[in-house]
Amino acid sequence: MTLKPLTALAATVLLIGACATPVSVSDPVPAGPEWHLAIHGGAGVILRESLSAEQEAEFVAALNMAMEAGAAVLREGGSAVDAVQAAVLPMENSPLFNAGYGAVYAANGTHELDASIMDGRDRNAGSVAGVMHVKNPILAARAVMDKSEHVMFAGAGADAFAESQGLDMVDNTYFDTEHRRISLEKVLERRARTAAERHGTVGAVAIDNQGNLAAATTTGGMTAKAPGRVGDAPLVGAATYAENGVCAVSATGHGEYFIRVGVAKTICDRVKFLDETVGQAALVALNEVASLGGDGGVIVIDGVGNVDFVFNSAGMYRGEISADGATTAIFRDQTEGAE
Ligand code: ASP
């Protein structure tokens with residue numbers, strides 16, 4: 001069983017509460033967990049030969065910018081949930097990722113976005129599905145978590161709730177980009193047939209200096225999806241899960257399979273009840289996805305901050321950052337930081 005790390009604060013409270021051993025203020029404070037954050041920018045058919053050196057550099061720069069945004073929160077002693085939100089935001093604003101600005105097109109030429117966020121402290125969560133007008137879906141998910149009594153809003157009601165919270169709203173054409181339009185045309189003309197060529201998502205998991213875990217995921221879904229289709233990204237337990245002392249997960253891949261396997265919750269339950277490492281548990285869950293015919297990947301972090309990346313696709317945009325530095329990777333045959 002993975003034990004919840006005893007933070008300096010918790011230790012202090014216990015000592016005071018028990019009144020057994022007087023502590024001097026000069027006693028050394030036990031070292032707490034150290035912050036650590038991992039991100040992904042989608043998994044799929046990402047082959048070395050299909051990315052130019054220039055494109056690869058653009059992705060690496062965008063991944064670094066996202067990680068730095070999350071790390072800035074954690075370095076200052078901020079919470080894991082604020083950090084995962086901060087890391088996802090720049091990826092939502094980048095045309096490179098299928099999340100906000102760069103969201104794929106549904107079959108009818110519109111964009112419908114999904115997002116979720118979860119705080120491992122109390123397993124509070126918020127999500128939105130099928131939003132068309134809120135500029136940053138992860139902020140809408142966060143508002144659902146913090147400002148409503150619900151966990152999930154969908155469609156027009158989700159956009160209306162986001163607007164009522166003062167979030168930036170945009171016309172659906174804000175999400176139009178040339179490269180996603182071409183992808184839609186390819187799928188509609190059946191020039192791109194595999195599901196792995198149709199998806200992409202962004203996500204983050206983190207542990208803060210207090211040992212709190214959090215996870216966040218945003219996506220535009222799958223290119224040429226049926227209008228109204230909801231993937232795994234807004235579903236707590238499918239693409240996103242976080243529980244302090246256990247694990248946090250953000251997934252990317254062919255959502256229908258991730259929903260059917262319940263990937264994120266399966267991983268955390270295996271860690272919690274079977275004492276597997278996050279890497280072992282993620283492998284089992286991904287094998288289940290593969291056995292049903294799906295592909296994709298996950299980023300996982302355990303209760304003390306160990307990070308793992310597990311995917312069965314050709315590549316996954318990914319990176320991790322801690323006080324020791326930052327690394328990124330894209331392709332399957334690449335260890336993090338190998339560029
Ligand atoms: N999981 C997302 C979905 O199915 C897509 C992706 O992660 O690439 O909507």
Side-chain angles (χ1 to χ4, degrees), residues 38-46 59 63 66 88 91-92 94 96-100 102-107 110-118 127-132 137-138 141 152 154-155 158 175 179-180 183-184 187 192 194-205 215-241 249-267 282 285-286 288-290 292-300 309-318 330:
I39 62 170
H40 69 77
V45 185
I46 309 165
F59 274 107
L63 291 171
V88 163
M91 293 193 280
E92 286 187 345
S94 165
L96 296 177
F97 302 104
N98 172 21
V104 299
Y105 288 81
T110 65
H111 308 270
E112 298 182 1
L113 290 69
D114 301 331
S116 61
I117 191 163
M118 186 162 186
S127 79
V128 290
V131 287
M132 297 181 75
I138 200 66
M152 186 170 192
F175 303 106
H179 64 297
R180 300 296 187 202
S183 299
L184 174 66
V187 174
T194 71
E197 290 171 280
R198 294 170 50 193
H199 56 68
T201 281
V202 306
V205 295
T217 311
T218 299
T219 191
M222 311 252 311
T223 302
K225 65 186 179 181
R229 176 261 188 189
V230 174
D232 58 325
L235 299 181
V236 170
T240 303
Y241 204 76
V249 181
S250 174
T252 174
H254 194 157
E256 279 69 10
Y257 296 93
F258 282 67
I259 295 170
R260 288 160 63 195
V261 170
V263 167
K265 186 70 161 72
T266 292
I267 293 171
L286 262 290
E288 289 288 295
V289 167
L292 298 179
D295 74 304
V298 292
I299 50 173
V300 283
F309 303 88
V310 181
F311 54 99
N312 65 4
S313 48
M316 180 165 82
Y317 299 106
R318 58 198 186 277
I330 296 176

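Scope of the values below: all heavy atoms of this structure, side chains included, with no hydrogens, waters or symmetry mates. When a ligand or atom number is given, it counts from 1 through the structure's own listing order.
Against a heavy-atom cut-off of under 4.0 Å, T252 is close to the following atoms of ligand 1: 6 (C), 7 (O), 8 (O).
Considering backbone and side-chain atoms together, H254 places no N or O closer than 3.5 Å to any N or O of ligand 1. For the pair T201 and ligand 1, the shortest N or O to N or O distance falls below 3.5 Å. For ligand 1, the polar-atom distance check against G255 finds a nitrogen or oxygen pair separated by under 3.5 Å.
When ring centroids are compared, F97 and F59 come within the 6.0 Å threshold.
Looking at E256 and R229, a side-chain N of the basic residue comes within less than 4.0 Å of a carboxylate O on the acidic one, giving a salt bridge.
By the 4.0 Å heavy-atom criterion, R229 is counted among the residues contacting ligand 1. Within the 4.0 Å heavy-atom cutoff, G253 counts among the residues contacting ligand 1.
F175 contributes atom CZ, which lies 11.5 Å from atom CD of E112 (distance to the nearest 0.5 angstrom).
For the side-chain contact (heavy atoms from CB on, under 4.5 Å) criterion with V310, the lone passing option out of I299, V298, V249 is V298.
Neither the backbone nor the side chain of H40 has a heavy atom within less than 4.0 Å of ligand 1. Counting heavy atoms under 4.0 Å from ligand 1, residue T219 touches it through the side chain alone.
Contact annotation: the side chain of Y241 approaches that of V236 to within less than 4.5 Å [non-hydrogen atoms, C-beta and beyond].
Looking only at distances, no side-chain donor or acceptor of D114 sits under 3.5 Å from a matching main-chain atom of T219.
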